[in-house]
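Note sheet for the following structure.
Naming: A, B, ... by sequence-line order, numbering from 1 per chain.
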There are 2 protein chains.
Amino acid sequence: MDKRKAILEAAVELIGAKGYTHTSMQQIADSVGISKGSLYSFFPSKEDLIISIYEHYQQLVFERAFVIGLNDLPPYERFAKQFQVQFEGILEYKSYMKMHMRGETAQSSEKLESMAHRMRGRLFSWLERNLLDLYGDQISPYKWDLMWMTQSIYTSYTGLMISTESTIGPEELGQHIVRQIDILANDFLSGNSHPLLDDEMMRPFSVGMDREGAFTSFGKREEAWKAVYDKVHSLNGDYYLDVIDRISEESRKSKPDELVMKGLFQLLKEEVELKAEAEALEEQLLP
Amino acid sequence: MDKRKAILEAAVELIGAKGYTHTSMQQIADSVGISKGSLYSFFPSKEDLIISIYEHYQQLVFERAFVIGLNDLPPYERFAKQFQVQFEGILEYKSYMKMHMRGETAQSSEKLESMAHRMRGRLFSWLERNLLDLYGDQISPYKWDLMWMTQSIYTSYTGLMISTESTIGPEELGQHIVRQIDILANDFLSGNSHPLLDDEMMRPFSVGMDREGAFTSFGKREEAWKAVYDKVHSLNGDYYLDVIDRISEESRKSKPDELVMKGLFQLLKEEVELKAEAEALEEQLLP
DNA sequence: GAACTTCTTGACTCACTAGTCATTTTACTT
DNA sequence: AAGTAAAATGACTAGTGAGTCAAGAAGTTC
């Protein structure tokens with residue numbers, strides 16, 4: 001089976017528990033049940049391993065939010081739902097998040113630096129997109145303050161979720177966060193508070209954003225999702241939208257029911273217009 | 001010359017820049033201009049060194065807020081001012097904060113763990129005290145949510161301050177944060193939002209708080225400050241209060257004017273009742 | 001089943017660093 | 001100036017861990 005994936009998982013587990021520097025390649029190899037030499041045939045260095053970990057898990061966590069972004073809930077609900085599914089993802093990949101929160105990595109290199117920058121950029125452009133959808137252009141002068149506070153609240157609740165055993169429900173938490181943002185945003189919009197941050201100061205955090213939005217071109221799966229959603233939207237009628245939303249829901253489960261998925265895809269494929277896109281996505285989700 | 005202090009400063013600088021594991025005792029020794037053997041005569045191990053660093057700088061940053069807590073500004077202004085002086089402190093000890101933010105330390109030991117717990121407890125009990133002073137007991141059900149969000153906003157703005165060159169003014173920032181807390185608190189109090197966190201979940205974060213408040217018994221200097229402020233408050237009249245506030249202001253400067261300080265202390269010492277306390281504090285501040 | 005290719009292994013090298021301690025240097029005393 | 005106590009030094013020990021590679025195992029082909 002997928003040995004590469006097994007390595008990533010074992011590494012995340014160990015690094016999450018003991019930290020990057022206190023986890024040796026030997027221990028990772030032992031934990032997967034292979035030799036150090038083998039390990040090095042998959043990842044040419046420890047640094048490459050940690051980068052691959054980040055890329056792998058980031059993809060998993062963000063993809064959820066991306067897919068939610070495609071359906072057409074009203075902005076407020078969609079934002080909350082996106083938080084929710086990310087929190088669900090985080091609960092599922094707890095040890096990845098533990099690792100991430102420790103923050104300790106290799107001596108920062110070019111590669112690592114640019115990856116961190118991309119990750120941050122992705123988060124911020126997602127937040128920006130949502131703020132603009134919610135409040136329109138009038139929010140622009142306050143967007144950095146809002147994004148900054150949102151990001152910090154988001155991060156710290158994430159930390160809370162993974163460190164305490166008594167799970168806070170992802171749904172509640174998503175709604176909570178959006179509500180707090182809304183309160184702060186309205187206060188800004190009513191002119192009571194003044195912003196502290198501006199484009200100039202935040203330049204290091206603003207990544208050249210894709211016109212398309214926050215989540216473009218991050219993987220074949222995401223493209224396949226987008227293609228299906230776009231097609232579904234072009235045909236009107238809610239039926240296929242319900243089907244694809246149901247597929248999205250099922251695919252987020254930790255053990256999606258393969259038969260249910262197959263059946264749902266069958267429904268999509270009945271429509272000739274959708275056939276190609278549906279098959280492409282099915283290919284991605286059921287290998 | 002205080003060699004111990006020189007070591008702490010050099011170590012903070014190096015660890016802040018390169019991280020704990022990538023800074024060797026040899027490099028620290030070289031940077032101070034002493035030998036490794038000497039270094040080990042001050043700090044019996046690397047772990048002891050990092051703990052001493054934390055104790056030293058935590059003291060410096062928090063002491064400022066402690067002293068502000070003693071004067072009698074109205075709660076809202078006092079809270080903002082406390083944030084402000086902490087931010088000023090943070091700017092002054094930037095590399096300490098960089099080090100702290102990296103978060104990476106030795107394999108967590110008993111000692112380190114308990115120090116981290118104490119630090120967190122100190123921050124939270126300070127926040128709690130201020131929330132109670134501002135809103136009274138009615139805020140209790142919402143205090144954890146507010147404290148949690150405050151702490152996360154505080155931490156993330158701190159990170160922003162040390163990472164961007166364009167300094168955000170500590171005064172503005174202090175006011176900004178208190179204003180945001182106020183908005184969120186009022187929303188809770190008006191019953192629009194429901195709290196998410198409770199005592200049960202937050203047990204790991206609540207430290208057995210001193211009855212006295214958040215900042216007690218953290219050092220001789222703080223006790224001396226408290227003694228003077230208490231005496232000044234017992235005598236009434238604003239004169240001595242103005243003097244001691246002025247002393248507090250001067251002492252926060254990076255290079256306090258020694259003559260000004262001496263003169264101000266002279267003014268206090270004119271009052272027989274204050275003489276002993278004033279001398280004790282002067283002893284602490286002008287060694 | 002022999003010849004050949006690909007994968008896997010773990011002993012080995014090399015670089016690094018926390019912590020020690022016999023020896024030397026400096027500071028102080030008489 | 002000699003003697004003694006205290007402080008500073010840096011070569012040394014012992015341990016760790018990233019990354020390599022020659023030799024061996026497993027799989028494939030004819």
Side-chain angles (χ1 to χ4, degrees), chain A residues 1-56 99 102-113 115, chain B residues 1-56 99 102-113 115:
Chain A
M1 305 93 311
D2 196 348
K3 212 172 274 183
R4 199 188 130 92
K5 209 173 143 201
I7 295 171
L8 292 174
E9 277 166 19
V12 144
E13 203 65 47
L14 288 168
I15 298 176
K18 314 191 303 172
Y20 180 81
T21 35
H22 295 105
T23 303
S24 70
M25 292 297 262
Q26 187 63 64
Q27 287 166 339
I28 295 170
D30 290 350
S31 151
V32 191
I34 59 173
S35 69
K36 199 146 69 110
S38 253
L39 178 50
Y40 272 93
S41 76
F42 286 93
F43 302 96
S45 74
K46 201 180 178 185
E47 196 196 327
D48 278 275
L49 173 55
I50 192 90
I51 289 177
S52 300
I53 289 174
Y54 271 108
E55 272 161 1
H56 179 72
M99 184 196 93
R102 281 175 156 271
E104 169 220 6
T105 53
Q107 200 142 20
S108 47
S109 67
E110 193 76 350
K111 266 196 214 164
L112 255 157
E113 216 71 69
M115 193 203 53
Chain B
M1 355 201 75
D2 194 346
K3 210 170 278 183
R4 199 188 130 92
K5 211 175 142 196
I7 295 171
L8 291 175
E9 278 167 18
V12 146
E13 203 64 47
L14 288 169
I15 298 176
K18 314 192 301 170
Y20 180 81
T21 34
H22 295 104
T23 303
S24 69
M25 292 299 262
Q26 187 63 65
Q27 288 166 338
I28 295 169
D30 289 350
S31 151
V32 190
I34 60 173
S35 70
K36 200 145 69 111
S38 255
L39 178 50
Y40 273 94
S41 77
F42 286 93
F43 302 96
S45 75
K46 201 180 178 185
E47 197 194 330
D48 278 274
L49 173 56
I50 192 89
I51 289 177
S52 300
I53 289 174
Y54 271 108
E55 272 162 2
H56 179 73
M99 184 195 94
R102 279 176 156 271
E104 170 220 5
T105 53
Q107 199 141 21
S108 47
S109 67
E110 192 77 352
K111 266 194 212 165
L112 255 157
E113 216 71 71
M115 194 203 54

- [ ] Work out how much the helix from C/dG1-D/dC30 to C/dT30-D/dA1 bends between its end axes, five pairs an end, to the nearest 10 degrees.
- [x] 10°
Task: Over all atoms of both residues, closest heavy-atom pair of A/Lys111 and A/Ile51 - done: CB-CD1, 3.6 Å
Task: Of residues 15-43 of chain A, the positions that come close to DNA chain C - non-hydrogen atoms, cut-off under 4.0 Å - done: A/Ile34, A/Ser35, A/Gly37, A/Ser38
Open item on the list: Rounded to whole Å, please give me the gap between NZ in B/Lys46 and C1' in C/dC16.
Closed with: 11 Å
Open item on the list: Within the structure provided, determine whether A/Met99 and A/Ile50 are in side-chain contact (heavy-atom separation under 4.5 Å).
Closed with: yes
- [ ] Find the distance between NZ (B/Lys5) and CD1 (B/Ile7) and round it off to the nearest 0.5 Å.
- [x] 13.0 Å
Open item on the list: Using 0.5 Å steps for rounding, measure from the CD atom of B/Gln26 to the OG atom of B/Ser35.
Closed with: 8.5 Å
Open item on the list: Could you report the tightest heavy-atom contact between A/Tyr40 and A/Ser45, atom names first, then the distance?
Closed with: CE2-CA, 4.1 Å
Open item on the list: I need the B/Glu55 CD to B/Asp48 CG distance, nearest 0.5 Å.
Closed with: 9.5 Å
Open item on the list: Using every non-hydrogen atom in the two residues, find where B/Phe42 and B/Lys3 come nearest and quote the distance to one decimal.
Closed with: CZ-CB, 3.9 Å
Open item on the list: For B/Asp30, give me all partners under salt bridge (charged side-chain N to carboxylate O under 4.0 Å, His left out), at least two apart in sequence or on another chain.
Closed with: none
